[in-house]
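Only heavy atoms go into these numbers, but all of them, side chains included; no hydrogens, no water, no symmetry mates.
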Amino acid sequence: MNKTARPVESASGTFHITDVYPSVDGGRFPVKRIAGEPVEVWADIYRDGHDVISAALAWRHEDGGEWQHAPMTLHSDDRWTGSFVPDRPGRYAYAIEAWTDEFASWRHRFEQKQKDGADHTLDAIEGAGMLTQAQAGGPAAAAVIIRQCEIYLQTGEAGALLAPELQTAMAGSQFRRDLTRSQLFALVAERPRARCSAWYQMFPRSQGKVPGQHASFGDCIARLPDIAAMGFDVVLLAPIHPIGQTHRKGRNNAAIAQPGDPGSPYAIGAAEGGHDAVHPQLGTLDDFRAFVAACHTHGMEIALDFAVQCSPDHPWLKQHPEWFRRRPDGSMRPAEHPPQRWDDVVNPDFSCEQAGALWQALRDIVLFWVEQGVRIFRVDNPHTRPLPFWEWLIREVQRHDADVVFLAEAFVRPKLMKGLAKLGFSQSTSYFTWRTQRFELEQYLGELIGYPERDFFRPNFFVNTPDILPFHLQGGAPWMFKSRLALAATLSSNYGIYSGFELLEHAPIPGREEYADSEKYQIKVRDWNSSGNIKPYIAALNRIRRGNSALQQTAGLRFIGIEDGNLIGFVKQSADRTNVVAAIIALSPEARDVWLPLGDIQIDDRPVAAVEDLVSGERHALEWGGLRLRIDPERDPALLLRCEASREPS
């Protein structure tokens, strides 16, 4: 033992605070939650001996201010629990504090000693002496302590020291000489959109009505009522910036563009400007702001594609040549991932000597668009840039505006995808696009809703993207499009489609999961009301999502054992346990009967008595703990049922 250590220093190791939940990598990365909702915290807390332990949660917003505290209660076997509510978006720190409740410890010992019938006057005097050492715990507590102390002094009766109200008053009025605080844990509280959103991805230049003619933001505004009617709340735009001329790509990714080919919007930058400019054929910054305002009018908001890459014509190549890497002959190194190569794109060099200035310039671009009204960004291929950059950028931007949401578009190795989420991305693309079999879906969702993934990884289930036309959609079967949509919209609280999905577009490049005549390289004008579209089906699904809080989060998911492997069944329950939705979704086109077991499902501690079909409105009572239903995928591959509780608790 260190003989020079003061008693308080010696006591600092009295308590062990372990197995803290929630935490990500031992507190290295922040836990994700939603502002205004309780954060439940658990921990094992113990010390030597038999003294009474007290514990509390301590938390505060990262901008400082006083620490706030909430009591923790003993659950069982040294497991303690408590909760706090982050009242606004932002970053928080929280910790667990533990200390010995000396008066409660005395009280417990005294009560045990009283059982032997001996005289314990000295023990009572010891307890009374503790009252004289009480510190300010508030006027009400002080009044109780003074009153009980006077009663004891006047009567000599130890019962005055055992009053329950005195124990409560002393609990907050003692010097906590062995107070121990755990390490700090990080938490980021975000706005509800980070947890629940329905995305519609589109190319602004293709929103016109004249074939081959570049659309404007005015044309985009004209499309908004149609998108809003389908129930989407996020409109994701492909890059809206000027497109380079050098090595411009032609239709179908041709190496040489023909006159009139618009090029890829991901080849960002031209004489008209770079990442902070608008393509002149779309309009002006004022036109863009008008588009943002129009989206808000329809109850939607804009998400911008943020691609950290430049065309060879980007102004930065002249203004900051030191930010780019050149080959030995002095020529600019194109973007490449052998055997792929993109001559119309060059990448900034994050290892250059001026990397700090590059980081700041990219941050300033994001903040520029935040000032224009953008609060959501889809980051293109973040895994190809340094991971510390994203952790820094997201923190910097959210310090400026805590409402900003970032989606990581990275279809890469699972641990790298999860690593990006830990660094701060609010949402992440997922492997849902390729999970088609029941066992694949159950296994994958089991991973995403388990620990620790549920505390940092929010999946966004895109059914298709401009880069991905999955093989299972290439047949164009309406039931398959509806099935994949229903799976995405109900299994995950965040999902999205790429425009054209509602029209059942499915023409691929033969043998590949890519669209023929890709919109990335040409302007594509569509008849948005063409026959066979599934817009009413999309609208119904989004309406059901908005009307049921169980579908507005991903974690409260439980799969149901259904014998038929071509069906998947599950139940989702809201956090407050008052809204429960059961679903059966077909994974093949054949009609069939199915038994749905719901006997062990609870709604606020009451068993399920009946279900309401959320599409037809029909109501069905349970018999023998379940019900038999018929599902016809050609009509509707999904049965969505709101569960109703019985009047009596189970």
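Under the side chain to side chain donor-acceptor pair (under 3.5 Å) criterion, the residue pairs touching residues 353-366 are Arg363-Glu396, with sequence neighbours excluded.
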For Arg378 and Asp305, what are the C-alpha separation, side-chain angles and deciding distance, and is it a salt bridge (Lys or Arg N to Asp or Glu O under 4.0 Å)? CA-CA 5 Å; Arg378 170 197 176 271; Asp305 219 331; 2.5 Å; yes
Using salt bridge (Lys or Arg N to Asp or Glu O under 4.0 Å), reason through Arg385 and Asp380 one step at a time and then give a plain yes or no. CA-CA 10 Å; Arg385 311 297 180 223; Asp380 189 63; over 6 Å; no
Check the pair Arg109 / His50 against side-chain contact (heavy atoms from CB on, under 4.5 Å), numbers first and verdict last. CA-CA 9 Å; Arg109 290 193 301 268; His50 303 286; over 6 Å; no
May I have the step-by-step check of side-chain contact (heavy atoms from CB on, under 4.5 Å) for Gln135 and Ser173, ending in yes or no? CA-CA 5 Å; Gln135 298 179 342; Ser173 305; 5.7 Å; no
The test is salt bridge (Lys or Arg N to Asp or Glu O under 4.0 Å); show your working for Lys418 and Glu447 and say whether it passes. CA-CA 12 Å; Lys418 293 174 183 178; Glu447 173 187 330; 2.7 Å; yes
One pair to check against salt bridge (Lys or Arg N to Asp or Glu O under 4.0 Å): Glu102 and Arg177. What are the steps and the verdict? CA-CA 10 Å; Glu102 295 183 352; Arg177 66 185 72 253; 2.8 Å; yes
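Judged by distance alone, the side chain of Arg33 and the main-chain N or O of Pro38 form no donor-acceptor pair under 3.5 Å. No donor-acceptor distance shorter than 3.5 angstrom exists from the side chain of Arg375 to the backbone of Val404, with no hydrogens or angles considered. Between the Asp77 side chain and the Arg79 main chain, no donor and acceptor come within less than 3.5 Å of each other. Ser197 contributes no side-chain N or O that, together with a main-chain N or O of Asn494, makes up a donor-acceptor pair within less than 3.5 Å. Using modelled atom types, no side-chain atom of Thr132 and backbone atom of Ala128 make a donor-acceptor pair closer than 3.5 Å.
We find the OG-CZ distance between Ser492 and Phe462 to be 10.5 Å, quoted to the nearest 0.5 Å. Rounded to the nearest 0.5 Å, atoms CZ (Arg577) and OG (Ser549) are 13.5 Å apart. Between Glu301 atom CD and Asp233 atom CG the span is 7.5 Å, to the nearest 0.5 Å. Taking CG of Leu387 as the start and CG of Leu416 as the end, the distance is 6.0 Å to the nearest 0.5 Å. Here the CZ-CG distance, from Arg454 to Leu448, works out to 11.5 Å after rounding to the nearest 0.5 Å. Atom-to-atom distance recorded for Ile449:CD1 and Arg558:CZ is 11.5 Å, nearest 0.5 angstrom.
Centroid-to-centroid, the aromatic rings of Phe432 and Tyr444 stay 6.0 Å apart or farther. For Phe15 and Tyr46, the ring centers sit 6.0 Å or farther from each other. Taking the six-membered ring where the residue is Trp, the centroids of Trp199 and Phe232 are separated by 6.0 Å or more. Between His275 and Trp369, the ring centre distance reaches or exceeds 6.0 Å. Taking the six-membered ring for Trp, Tyr495 and Phe461 have ring centres at least 6.0 Å apart.
Exactly one of Arg91, Arg458, Arg195 qualifies for a salt bridge (Lys or Arg N to Asp or Glu O under 4.0 Å) with Glu190. That residue is Arg458. Between Glu409 and the choices Val379, Leu236, Leu420, Asn381, the side chain to side chain contact (heavy atoms under 4.5 Å, CB included) rule is met once, by Asn381.
Applying the ring pair (Phe, Tyr, Trp, His ring centres under 6.0 Å) test to Trp323 and every residue at least two apart in sequence or in another chain returns Trp316, His320.
Here the side chains of His69 and Glu97 are in contact, with some heavy-atom distance below 4.5 Å. For the pair Asn579 and Gln573, the minimum side-chain heavy-atom distance is 4.5 Å or more. Counting heavy atoms from C-beta outward, Arg60 and Tyr92 have side chains that stay 4.5 Å or more apart. You'll find the side chain of Gln112 stays beyond 4.5 Å of the side chain of Phe110, heavy atoms only. Under the 4.5 Å side-chain criterion, counting only non-hydrogen atoms from C-beta, Lys32 is not in contact with Asp455. No side-chain heavy atom of Asp51 sits less than 4.5 Å from a side-chain heavy atom of Trp99. Side chains of Val41 and Trp80 form no contact here, defined as non-hydrogen atoms less than 4.5 Å apart. The shortest distance between side-chain heavy atoms of Phe29 and Phe456 does not fall below 4.5 Å.
Side-chain contact annotation: Asn347 with Gln309, donor-acceptor N/O pair under 3.5 Å absent. Between the side chains of Tyr21 and Asp44, no donor N or O sits under 3.5 Å from an acceptor N or O. No hydrogens or angles considered: a donor-acceptor pair under 3.5 Å links the side chains of His400 and Glu371. Asn548 and Arg642 form a side-chain donor-acceptor contact under 3.5 Å, judged by distance and modelled atom types alone. In the model, Arg47 has a side-chain atom that pairs as donor or acceptor with a side-chain atom of Thr100 under 3.5 Å.
Taking both residues in full, the closest heavy atoms of Gln148 and Ala163 are given as NE2-CB, 3.7 Å, listed atom of the first, atom of the second, then distance.
Remark: Arg181 is positioned above the aromatic ring of Trp67, its terminal NZ or CZ atom under 6.0 angstrom from the ring centre and at most 45 degrees off the axis.
Dense packing is recorded around CD of Gln183, with more than 12 heavy atoms of other residues, nucleotides or ligands lying under 6.0 Å away. Within 6.0 Å of atom NE2 in His120, more than 12 heavy atoms from other residues, nucleotides or ligands are found, so the atom counts as buried in its surroundings.
Below 30°, between 30° and 60°, or above 60°: for Phe559 and Phe570 the angle between ring planes is above 60°, a perpendicular geometry.
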